[in-house]
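These notes are about the structure you will find just below.
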Protein chains: 2
Amino acid sequence: MKLGANEEYGLRCLVRLGYAGEGGSLTIPEISHAEGVSPAYAAKILRILRKGGFVKAARGKEGGYMLARAPESIVIGEVMDVLGGRLFESSFCETHAGQAAICTRSVDCSVRSLWRAVQVAVDHVLSKATLRDLLQNEEEMNAWVRTIPGPSGLRLMQ
Amino acid sequence: MKLGANEEYGLRCLVRLGYAGEGGSLTIPEISHAEGVSPAYAAKILRILRKGGFVKAARGKEGGYMLARAPESIVIGEVMDVLGGRLFESSFCETHAGQAAICTRSVDCSVRSLWRAVQVAVDHVLSKATLRDLLQNEEEMNAWVRTIPGPSGLRLMQ
DNA sequence: GTTAATCTTGACTAAGAAGTACAGATTGGC
DNA sequence: GCCAATCTGTACTTCTTAGTCAAGATTAAC
């Protein structure tokens with residue numbers, strides 16, 4: 001059970017764009033540098049996000065990417081689906097579903113019901129979280145960091 | 001976020017062995033046929049399970065595989081770890097952890113905290129479930145199937 | 001209209017996971 | 001001892017995902 005690179009970096013790019021604020025736009029070089037991926041790869045990921053309707057692009061000079069929708073309307077689960085597909089697509093019973101037969105291959109069914117339980121647990125997190133939540137989280141984080149006295153003991157990255 | 005083939009078939013093979021009962025053993029051809037994978041692939045998976053300490057093998061004639069431990073002591077989460085690794089190994093903050101710096105790259109941290117939440121949700125399911133639970137589930141399933149009147153309308157597979 | 005900055009697209013290469021093949025080692029039964 | 005059934009290990013092929021590249025299309029600014 002692994003998280004794909006598209007999901008990891010795709011979500012980061014999206015949050016980065018959200019961080020740019022209402023109507024704020026960022027270019028591919030900016031995003032790729034901020035997230036530590038190559039411009040070519042960032043471009044590929046952003047294309048996926050654009051086709052998914054989460055971001056929109058402006059071409060030409062002064063162009064760039066920006067969010068296509070309000071952060072609170074962007075559900076992370078939907079973003080993940082676009083970036084990496086659903087967790088469990090494997091399918092034994094499903095392949096026989098059209099035959100209107102009941103599957104007595106108990107191994108299949110008991111394992112499958114476990115996958116379902118995991119899927120539900122994951123969805124419970126991802127379908128409730130919106131991009132707004134992630135941005136919020138970040139603001140709280142930043143506020144907290146500002147309360148820390150420095151600069152002696154504490155070194156801030158970047 | 002995808003389930004690996006090893007995890008899918010590995011767990012099936014394990015449940016199949018559990019189904020064989022206390023001290024019951026199955027050969028690779030038997031397991032591979034029952035689960036619909038090639039003998040070569042089943043062998044590969046079973047080797048992983050053996051190295052993980054979940055099953056043990058007897059070689060030579062009359063040989064085969066059997067559970068190495070009692071079903072109630074086999075936690076599914078541990079099996080999954082051996083078969084496919086942990087969900088989130090990606091690591092931005094982690095790479096800087098040794099530097100004792102606090103990460104203000106908020107995109108990284110907010111995304112990371114989401115992954116953590118998903119991981120916790122998944123673990124909540126997988127660390128509670130044991131092989132015994134899956135076998136139990138199967139028995140209930142079979143009992144239910146037996147209550148269905150047949151053979152006219154209902155076709156049972158396999 | 002020219003230019004430079006930008007996204008767009010499809011093809012390409014690299015890396016990893018999935019799945020196969022085969023020669024070798026072990027063991028029970030005769 | 002011999003044979004057949006079985007697991008063991010390594011190397012191999014195939015397929016998917018990750019990541020790169022280069023040529024093209026679009027646009028704002030001058």
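Every chain is numbered from 1, with letters handed out A, B, ... down the list of sequences.
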Separation of C/dA18 C1' from B/E7 CD (nearest whole Å): 13 Å
Any side-chain heavy-atom pair from A/L49 and A/L83 closer than 4.5 angstrom? yes
Reading DNA chain C 5' to 3', what string of ( ), [ ], | and . shows its pairs, if Watson-Crick and G-U wobble pairs count only when both distances fall under 3.5 Å? ||||||||||||||||||||||||||||||
For a quick check, with a 4.0 angstrom heavy-atom cut-off, what is the B/S/- contact string for nucleotides 20-30 of chain C, read 5' to 3'? BB---SBBS--
All heavy atoms of A/L87 vs all of A/Q119, minimum pair found to be CB-OE1, 3.6 Å
At less than 4.0 Å, is any side-chain N or O atom of A/Y9 found next to OP1 or OP2 of D/dT17? Yes or no. no
B/K2 NZ - C/dG16 P separation (whole Å): 18 Å
Selected nucleotide, minimal atom distance to A/P29 side chain, candidates C/dC7, D/dT6, D/dT8: C/dC7
Value for OH (A/Y19) from SG (A/C13), rounded to nearest 0.5 Å, stands at 15.5 Å
I need the CG-P distance between B/N6 and D/dC15, as an integer number of Å. 18 Å
Sub-4.5 Å side-chain heavy-atom contact between A/K2 and B/K2: no
Nearest-0.5 Å distance that lies between atom CG in A/D133 and atom CD1 in A/I74: 12.0 Å
